[in-house]
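This one's a predicted model, so the numbers in the text were calculated from it and none came from an experiment. These numbers come from the heavy atoms of this one structure, side chains and all, not from hydrogens, waters or symmetry mates.
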Amino acid sequence: MIYSDFETGKVKYAKVHHLWAMGVGAVISGDFFGWQACLAGGFAGACIALGTVTVLYVLLSFCIAELASHNPGAGGPYTFATEVLGKPLGFLTGLAESLNVIVTTAVIAVGISSYMYSFDCTATG
């Protein structure tokens, strides 16, 4: 079903439950496939990778919090890049964020469908 916003007249295709399903699918499939590949290399390597990623995410959170307090508006990375680097690089940042959503959706679809296909092949012979 297609919904439109009466104030702006824009058509909204993705509703809250669609975005929620995409986010949950990204987290579940990313955790499942990522941890399987990480643990294949050994438990010690997985612990080192987990520690490194934890530190990097904490530092990323600090950076985003600092940027958000300096520029308290909606827009995320696009707004931050436009403010600091100018409109052309801000546009490229917004484009990269859009491609991020598209690629994430494609990876979720391919990963989960190939996983389900493996169940179908084993069940039918």
Taking side-chain contact (heavy atoms from CB on, under 4.5 Å) as the test, write out the residues that go with Val84, two or more places apart.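 Listed in chain order: nothing, the list is empty.
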
Could you tell me the separation between the CG atom of Leu59 and the CD1 atom of Ile64, rounded to the nearest 0.5 Å?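 The distance works out to 11.5 Å.
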
Interatomic spacing from OH in Tyr78 to NZ in Lys87 - rounded to 0.5 Å: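 With rounding to 0.5 Å, OH (Tyr78) is 5.5 Å from NZ (Lys87).
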
Would Leu85 end up clustered with Leu92 when hydrophobic side chains under 4.5 Å apart are linked, directly or stepwise?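 Per the 4.5 Å side-chain linkage, Leu85 and Leu92 are co-clustered.
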
Hydrophobic side-chain clustering at under 4.5 Å (ILVMFWY, transitive links): who's grouped with [X]? Put none if nobody.
X	value
Val110	none
Val103	Val107
Phe80	Leu67

Using every non-hydrogen atom in the two residues, find where Thr93 and Ala81 come nearest and quote the distance to one decimal.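 Result for this residue pair: OG1-CB, 3.3 Å.
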
Determine which pairs satisfy side chain to side chain donor-acceptor pair (under 3.5 Å) with at least one residue from residues 98-109, sequence neighbours left out, and list them in order.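 Found Asn100-Thr104.
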
With sequence neighbours excluded, give me every side chain to side chain donor-acceptor pair (under 3.5 Å) pair touching residues 56-67.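 Side chain to side chain donor-acceptor pair (under 3.5 Å) check on residues 56-67 returns no pairs.
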
